[in-house]
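Report on one structure; see the data block that follows.
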Amino acid sequence: MAPVKVFGLKMSTNVARVLVCLEEVGAEYEVVDIDFQAKEHKSPQHLARNPFGQIPAFQDGDVVLFESRAISRYVLRKYSKSAGVDLLREGNLEEAAAVDVWTEVEAQQYNPAVAPIVYECLIHPAMFGAPTNQKLVDECVEKLRKVLDVYEARLSEHSYLAGDFLSFADLSHFPYTHYLMATPYASLFDSYPRVKAWWQGLASRPSAKKLSADMSF
Amino acid sequence: MAMKVYGPAASTNVARVLVCLEEVGLDYELVPVDMTKGEHKSPAHVSRNPFGQVPAFQDGDLILSESRAISKYILRKGGGSHLLREGNLSEAAMVDVWLEVESGQFDSAMSPIVFQCFVVPMFMGGTTDMKVVEENLEKLKKSLEVYEARLSRFKYLAGDFVSLADISHFPMAHYLLVGPHASVIDAYPHVKAWIADIMSRPSVKKVTELMEAAIRMN
């Protein structure tokens, strides 16, 4: 079986979301770099894979996908059995629902608070020499505190977000949280001991450690 | 015991869940949550949706939040899994792809437009911020170009089969059609026809009526 292809850059958060799932299921994969400087993301070849001209895109034989959470689900469905993992819990209605809820929470609640902090403090300065929009960062930090209040309560009841089992919902948090930890706002987690312990658990997984090596701006 | 959905029918995220219940024909009770009185931030509601938003959902002891997660649960439980295609790896993936696009591109552009054109004047006694509307209409048009290309090749978004990805668009599409910017879809004939197709589904018609009735009451 040919390795699957992930089109994008290893340090990209949304690419890393897919890669952490591939690592967890032990699938063979190849990262095909997309040259943003040369506007390769807007080339006809890449637009055929991702019509919004973004990364990641993904190819497994005839299957071509985009949107990191959709790609991740495909990877987890395809390889879970052979890898002996169950990160989507689709065999159990209630557990699958819990995974879906917390995957949505990451996308709709956590990410909108964390992503601007990461972009303003890390990515924009590194890539464009742009100054940090501190007002935006301060607003997002307040949003994030409210989100972390909910997470702390949840992780006081269960060892992981969807229940007492690791799932895609937890893994989906890895990329942006990795970068948050490289900003001054890493210390926010000190006020949320369960969240901090949960994060440290995720970050110490072999999959996360391996990918972290290529994730810096 | 019937399933319970907590929230106003006029909310797009509540409507998304209601249409799935209608698609599978499961009994449900719509429990009002008066957001004008801050009921969504009450301890009772927050115990169901910890972010103080709508909808919340209850099926026996199971309590869920996040409309797209609730929708999948309802479809799987109620015999609507053909709208998810989870038995087929590549088809299920296409449903997931376009559900992500609905959330990340369509909903994210439509939400500020609907907020400015409906919520601000009708519920907050304010004036529409046309700058916000114009910016988001431009974003929407860029997305609609992609949708037009896709729907020129396939009857529906995930392929030649209707799925949750299509139906998930209906609440915001409804507000687009009844709002001041409906003509934006005229430039995208396949999108226009696809929206008309989705809006003609019996489940969608039923929930549209509930949404309209809820707006009229205000």
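If you're wondering where the values come from, they're calculated on a predicted model, not measured in any experiment. Heavy atoms only: backbone and side chains are in, while hydrogens, waters and symmetry mates are out. Every chain is numbered from 1 and lettered A, B, ... according to where its sequence line falls, protein lines coming before strand lines.
In plain terms, the two heavy atoms of A162(A) and A98(A) that are nearest each other are O-CB, 3.3 Å. For the residue pair V99(A) and L88(A), the shortest heavy atom distance occurs at CG2-O, 3.8 Å.
Looking at V64(A), the atoms closer than 4.5 Å to chain B (heavy atoms on both sides) all sit in the backbone: N, CA, C or O. Looking at V150(A), the atoms closer than 4.5 Å to chain B (heavy atoms on both sides) all sit in the side chain, from C-beta outward. Both the backbone and the side chain of V97(B) come within contact range of chain A, each with at least one heavy atom under 4.5 Å from a heavy atom of that chain. Both the backbone and the side chain of L89(B) come within contact range of chain A, judged by heavy atoms closer than 4.5 Å.
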Put together the list of donor-acceptor pairs under 3.5 Å connecting chain B with chain A, please.
| from | atom 1 | to | atom 2 | distance (Å) |
| --- | --- | --- | --- | --- |
| Q53(B) | OE1 | Q109(A) | NE2 | 2.8 |
| E66(B) | OE2 | Q109(A) | NE2 | 3.0 |
| R76(B) | NH1 | D100(A) | OD2 | 3.0 |
| R76(B) | NH2 | D100(A) | OD2 | 3.4 |
| D96(B) | OD2 | R77(A) | NH1 | 3.1 |
| S103(B) | OG | Q108(A) | NE2 | 3.0 |

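Taking CG of D129(B) as the start and CG of N136(B) as the end, the distance is 10.0 Å to the nearest 0.5 Å. Atom-to-atom distance recorded for D166(B):CG and L99(B):CG is 10.0 Å, nearest 0.5 angstrom. Atom CZ of F58(A) is separated from atom CZ of F66(A) by 14.0 Å, given to the nearest 0.5 angstrom. How far CG of L18(B) is from CG of L30(B): 5.5 Å, rounded to the nearest 0.5 Å.
Take E135(B) and apply the salt bridge (Lys or Arg N to Asp or Glu O under 4.0 Å) test, not counting sequence neighbours, and it matches K131(B).
For the side chain to side chain contact (heavy atoms under 4.5 Å, CB included) test with V114(A), the passing option among L188(A), L180(A), V147(A) is L180(A); the others fail.
The choice from I71(A), L93(A), L65(A), V63(A) that makes the most heavy-atom pairs within less than 4.5 Å of chain B is L93(A).
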